[in-house]
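A, B, ... follow the sequence lines: proteins, then strands. Residue 1 opens every chain. None of these values were measured; they are calculated from a predicted model.
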Number of protein chains: 2
Amino acid sequence: MDMHQVEQPDGTAAQDMINPGLLKATLNREGFRLTVQRQKILTLFKEKASRHHLSAEEIHQYLGEQGEKISVSTVYRALHVLVKLGLLQELELAEGRKYYELKSPVWQQHHHLVCVQCGDVQEFEDDAMTEVTAQETQNRGFALLNGQFTVYGLCPHCQPQANG
Amino acid sequence: MDMHQVEQPDGTAAQDMINPGLLKATLNREGFRLTVQRQKILTLFKEKASRHHLSAEEIHQYLGEQGEKISVSTVYRALHVLVKLGLLQELELAEGRKYYELKSPVWQQHHHLVCVQCGDVQEFEDDAMTEVTAQETQNRGFALLNGQFTVYGLCPHCQPQANG
DNA sequence: TTGGTTGCAAACATTTTGCACCGGA
DNA sequence: TCCGGTGCAAAATGTTTGCAACCAA
């Protein structure tokens, strides 16, 4: 039904996958091929480290600006593959479109605080949450793939003029 | 940018809103009107208590089966209003479409454990998480609207034949 | 009576897919 | 060489919107 996938089998961190050799090996292992496009996309995530939630549209645009002509459909297909390989994680941050980020291990999960007014996104981690996640899934016999906690609110800036 | 909204001003539980009188008052208070369609939709959420995550499409279909002819656009518009009034909460459970459920107070938030294979959804509550939510938002000066934690995994049933 | 509400169809936005050609292993 | 990947355009989904008729307050 979708593309969530387990951790890297060998525990390799997603960040390392920008290394072409490692990336190639990981792709080939599953019958996929290393292509310029896939490499460029993954590299983009590293470059945009500061603002690392990217939508397919943004990726397409950024690469275009960098002179890389890559079609939208290829972006989508590449994202699916990278998610399936466990290199990227899909986020449900905003309305109507999906965002992606380099996937971090389950025990390093971080969460998002979204301002519904201006769209600002802040991240936070919390050990208690990580533990709850592990415990709940275990209690119910689920095999944990990943979890995402998204809190919606109004940021300090938007509170004054808020409420409609 | 979207329709998240604060708690019922008077603390009335969303469940009570199926009462036509209360619903009417709540709607009117904000300049909205009580219509058969809105009533039917809200009632549907009560009926489907056991499986109370409904998408616009499902709502439209269920009502159709019950002989209520209501257009899709009306369903969408009604959902927006009900969310804005704080009676329903929007969920980001699955791919590409939104789900809705009767909204529970922030201090009674519950979360979702989704099987990515069969789509089964289980709920759980956890005080620690509620507290983390409150704390994080406070630390950053955010006004909390609501939060949703969605954990993806494989349910016991789907684990054997899983992995592709 | 007034102005919010509805249904319908057309418009939108995002994502997926069919197909011929291209290119990695 | 073989088969997966790409680009393009068309199609599929999910959601929104313009407009005339309608109805709650």
Side-chain angles (χ1 to χ4, degrees), chain A residues 1-3 20-42 53-61 63-64 67-85 88 90-100 119 164, chain B residues 1-3 20-42 53-61 63-64 67-85 88 90-100 119 164:
Chain A
M1 81 176 270
D2 70 11
M3 309 239 75
L22 252 182
L23 178 55
K24 182 176 186 311
T26 307
L27 283 162
N28 292 347
R29 185 192 301 144
E30 303 284 335
F32 296 111
R33 294 176 182 173
L34 177 64
T35 64
V36 209
Q37 292 86 338
R38 290 174 180 172
Q39 221 168 144
K40 291 280 163 55
I41 291 179
L42 213 39
H53 309 109
L54 299 173
S55 67
E57 192 47 58
E58 289 172 335
I59 293 172
H60 181 245
Q61 187 187 312
L63 291 180
E68 316 288 350
K69 40 179 181 301
I70 171 175
S71 77
V72 198
S73 44
T74 297
V75 172
Y76 279 106
R77 286 191 273 229
L79 288 173
H80 291 175
V81 169
L82 296 176
V83 167
K84 180 174 256 167
L85 287 177
L88 292 182
E90 210 177 81
L91 301 179
E92 221 80 53
L93 288 186
E95 321 292 313
R97 107 188 56 187
K98 294 170 192 161
Y99 283 84
Y100 297 83
Chain B
M1 84 175 272
D2 71 11
M3 310 238 74
L22 252 183
L23 177 56
K24 181 176 185 313
T26 307
L27 283 162
N28 291 347
R29 183 191 303 143
E30 303 284 335
F32 297 112
R33 294 176 181 175
L34 177 65
T35 65
V36 210
Q37 291 87 338
R38 291 174 178 171
Q39 221 168 144
K40 291 281 164 55
I41 290 179
L42 213 40
H53 309 108
L54 300 172
S55 67
E57 191 47 58
E58 290 173 334
I59 293 172
H60 182 245
Q61 186 188 312
L63 291 180
E68 316 289 349
K69 39 178 182 303
I70 171 176
S71 78
V72 199
S73 44
T74 297
V75 172
Y76 279 107
R77 286 190 274 228
L79 288 173
H80 291 175
V81 169
L82 296 175
V83 167
K84 179 173 257 166
L85 287 177
L88 293 183
E90 209 177 81
L91 301 178
E92 222 77 54
L93 288 185
E95 321 293 310
R97 106 187 58 187
K98 293 168 192 161
Y99 284 84
Y100 297 83

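- Shown here for B:Thr26 and B:Leu85, the closest heavy-atom pair between the two residues is O-CD2, 4.0 Å.
- Listed here is the closest heavy atom pair of A:Leu34 and A:Lys24: CD2-CB, 3.7 Å.
- At a cut-off of 3.5 angstrom, the base of D:dC8 holds at least one donor-acceptor pair with the side chain of A:Ser73.
- Mapped onto DNA chain D by nearest heavy atom, B:Lys24 and B:Tyr76 fall at different nucleotides, with B:Tyr76 at the one closer to the 5' end.
- Side chain of A:Thr74, nearest nucleotide from D:dG7, D:dT15, D:dG18: D:dG7.
- No side-chain donor-acceptor contact under 3.5 Å links A:His60 to the backbone of A:Ser71.
- Here chain A contacts DNA chain C (any atom closer than 4.0 Å to a heavy atom, that is under 4.0 Å), and the contacts span C:dT14 to C:dA25 from 5' to 3'.
- Here the shortest heavy-atom pairing between A:Asn28 and A:Arg33 reads OD1-CA, 4.0 Å.
- Of the candidates D:dG7, D:dT6, D:dT15, D:dT6 carries the atom nearest the A:Arg38 side chain, counting heavy atoms from C-beta on.
- Place A:Thr35 and B:Arg97 on DNA chain D by their nearest nucleotides, and A:Thr35 ends up nearer the 5' end.
- The side chain of B:Arg33 sits closest to D:dA25 out of D:dA25, D:dG4, D:dT16.
- When each of A:Ala56 and A:Phe32 is assigned the nucleotide of DNA chain C bearing its nearest heavy atom, the one mapping closer to the 5' terminus is A:Ala56.
- Taking 4.5 Å as the limit, every side-chain heavy atom of B:Thr35 sits out of range of all side-chain heavy atoms of B:Leu27.
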